[in-house]
Amino acid sequence: MPMLLLLIRGSYQVVGTRPEGDTVHFTPANPAEWNFVGVGGFHSVERNASGQGKLRLDAVDTLETHYSRSGPEVSQPPFFAHAARDELLSWLGFTDVQRAPDETVTAATPESTPGWILARSADIGGRCIAMAGRGTPPGNSGTDTMLDVTRLRTTVNHHLLKTGLAYPTYYSNLFHDDPFQDLRAELTAAVHQAQAAPVKGLWTKDVTLSGATVTGMSSLTNDVVILPKLFRRLVDFLNLGNTDLSGFPAFLAQTQDRFLILSTGQFTTGLDAVVEVTNSNVRMTHPAEDLVFEERVFEES
């Protein structure tokens, strides 16, 4: 069943920013339309004087290129992190992207590209959570517009899953209710298509379910390819000075992630319910597409 989201026409910009595979800057043609995002919610979209704000792509999570919430900036193994970022920018229409050593974009052709978003809310950092498209929008900007499976397939969110460069990450406001389960099913089908393809993207290296050997921060930044949410939790745990992973399940219980396990119908609190630790090996017991997280602060990068 389709659902209504706010359509906003505008353009994407990358110069002077540090885009990730699931994060990019966007300026509405009418910046006042930001005011209609997340009406009645907890957060509004932060924007600069020209109306430019930051998007966080809905339903996907790509490998981290600069995560620093709990300590020094770190990244996941760069090959697939950069591949997702580069695919996003290429899909949006940017070429000849030049970067400084800290990965800030210094030049790109063109300087902006036209596009549109289907938005629903903003996170605690002021980023707009959205489905993102390119070119001519599928309706009038500033109006509620249907998101159905056909339109979902035209978004970069769907594209990144289909090319195997992003993990699915579902949240309850959009993907939990039964009337909209066809949207979630379509995204999951794209994930399974990527996993079965000759060129699987990050799935060739993913060890989220088989188990990641973690002996320190360098294991996370140089070696293992895992679900970014699990990566962030491990980084936060290690930044507390922990060296013994036996305490990681208790740490996960304290983080209070609330989610539904689709395959069992169980609603639970704490990722410790789906994470196993054996000595230095960490694995999830359910794939990302089997989990629907409760919409709360959406604080992560």
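Below, all heavy atoms of this structure are taken into account, side chains as well, without hydrogens, waters or symmetry copies.
Inter-residue side-chain proximity for H159 and L165 is flagged as unmet; no heavy-atom pair is nearer than 4.5 Å. Within the 4.5 Å cutoff, the side chain of L245 has heavy atoms near those of the F237 side chain. No side-chain heavy atom of V74 sits under 4.5 Å from any side-chain heavy atom of L220. The side-chain heavy atoms of W116 and T155, taken from C-beta on, include a pair separated by under 4.5 Å. Two residues are said to be in side-chain contact when any heavy atoms from C-beta on lie closer than 4.5 Å; I261 and D290 meet this criterion. The closest side-chain heavy-atom distance from D206 to Q195 is not below 4.5 Å. Within the 4.5 Å cutoff, the side chain of W34 has heavy atoms near those of the I8 side chain. Side-chain contact between V156 and L57: present, with at least one pair of heavy atoms (C-beta onward) separated by less than 4.5 Å.
Under the 30°/60° scheme for interplanar angles, the aromatic rings of Y171 and F293 are found to be tilted.
Between the side chains of E33 and S141, a donor-acceptor pair is found at a separation under 3.5 Å. In summary, the side chains of E276 and T285 do not present any donor paired with an acceptor at a separation below 3.5 Å, with no hydrogens or angles considered. Between the side chains of T150 and D148, no donor-acceptor pair of N or O atoms lies under 3.5 Å.
By the neighbour-count criterion of 12 heavy atoms within 6.0 Å, atom CD of E111 is sparsely surrounded, having that number or fewer from other residues, nucleotides or ligands. Counting non-hydrogen atoms of other residues, nucleotides and ligands closer than 6.0 Å to NZ of K200 gives a total above 12. No more than 12 heavy atoms of other residues, nucleotides or ligands sit less than 6.0 Å from atom CZ of R9.
Residues R120 and D58 are paired through a salt bridge, judged by an N-O separation under 4.0 Å between the basic side chain and the carboxylate. By the 4.0 Å N-to-carboxylate-O rule, D86 lies close enough to R99 to be salt-bridged with it.
Heavy-atom minimum distance, Y170 versus L291: CB-O, 3.8 Å. Scanning both residues, P110 and G93, for their nearest heavy atoms gives CD-O, 3.5 Å. For V14 against V105, the heavy-atom pair with the smallest separation is O-CB, 3.2 Å. The heavy-atom pair separating N140 from L7 by the smallest distance is O-CD2, 3.6 Å. Of all non-hydrogen atoms in T65 and A81, the two that sit nearest each other are CG2-CB, 3.7 Å. Here the shortest heavy-atom pairing between N48 and S50 reads OD1-OG, 2.8 Å.
Note: T221 OG1 to E64 CD = 13.0 Å, rounded to the nearest 0.5 Å. Atoms CG and CZ, on D272 and F251 in that order, are 11.5 Å from each other to the nearest 0.5 Å. Between the CG atom in L262 and the NE2 atom in H286 there is a gap of 10.5 Å [rounded to 0.5 Å]. H158 contributes atom NE2, which lies 10.0 Å from atom CE of M131 (distance to the nearest 0.5 angstrom). Atom-to-atom distance recorded for I226:CD1 and L202:CG is 12.0 Å, nearest 0.5 angstrom. For the atom pair CZ of F259 and OG1 of T169, the computed distance is 12.5 Å after rounding to the nearest 0.5 Å.
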Apply side-chain contact (heavy atoms from CB on, under 4.5 Å) to the pair F248 and L238, showing each step before the final yes or no. CA-CA 9 Å; F248 187 51; L238 294 177; over 6 Å; no
Verdict with supporting geometry, Y167 and W203, ring pair (Phe, Tyr, Trp, His ring centres under 6.0 Å): CA-CA 9 Å; Y167 289 90; W203 300 111; 5.1 Å; yes
Let me see the working for L6 and V37 under side-chain contact (heavy atoms from CB on, under 4.5 Å), right down to the final yes or no. CA-CA 7 Å; L6 178 67; V37 176; 3.8 Å; yes
For side-chain contact (heavy atoms from CB on, under 4.5 Å), just list the numbers for R47 and Q52, CA-CA rounded to whole Å, side-chain angles, deciding distance to a tenth of an Å, and then say yes or no. CA-CA 5 Å; R47 77 296 301 262; Q52 184 187 75; 5.9 Å; no
Determine, stepwise, if the pair T23 / R56 fulfils side-chain hydrogen bond (donor to acceptor under 3.5 Å, both in side chains). CA-CA 5 Å; T23 309; R56 175 61 164 84; 4.5 Å; no
Going through the distances and angles, do E289 and L187 end up as a side-chain contact (heavy atoms from CB on, under 4.5 Å)? CA-CA 9 Å; E289 62 268 26; L187 293 171; over 6 Å; no
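D96 places no side-chain N or O within donor-acceptor distance of the main-chain N or O of T109, the cut-off being under 3.5 Å. Side-chain atoms of N242 never come within 3.5 Å of backbone atoms of L234 as a donor-acceptor pair (strictly under, hydrogens ignored). N279 contributes no side-chain N or O that, together with a main-chain N or O of N281, makes up a donor-acceptor pair within less than 3.5 Å. No donor-acceptor distance shorter than 3.5 angstrom exists from the side chain of S280 to the backbone of T213, with no hydrogens or angles considered.
When each of E103, E20, R18 is tested with R85 by the rule side chain to side chain contact (heavy atoms under 4.5 Å, CB included), just one qualifies, namely E103.
Partners of R134 according to the salt bridge (Lys or Arg N to Asp or Glu O under 4.0 Å) rule, which considers only residues two or more places apart in sequence or in another chain, do not exist here.
Note: the hydrophobic cluster containing V199 does not contain W91 (ILVMFWY, side chain heavy atoms under 4.5 Å, direct or indirect links).
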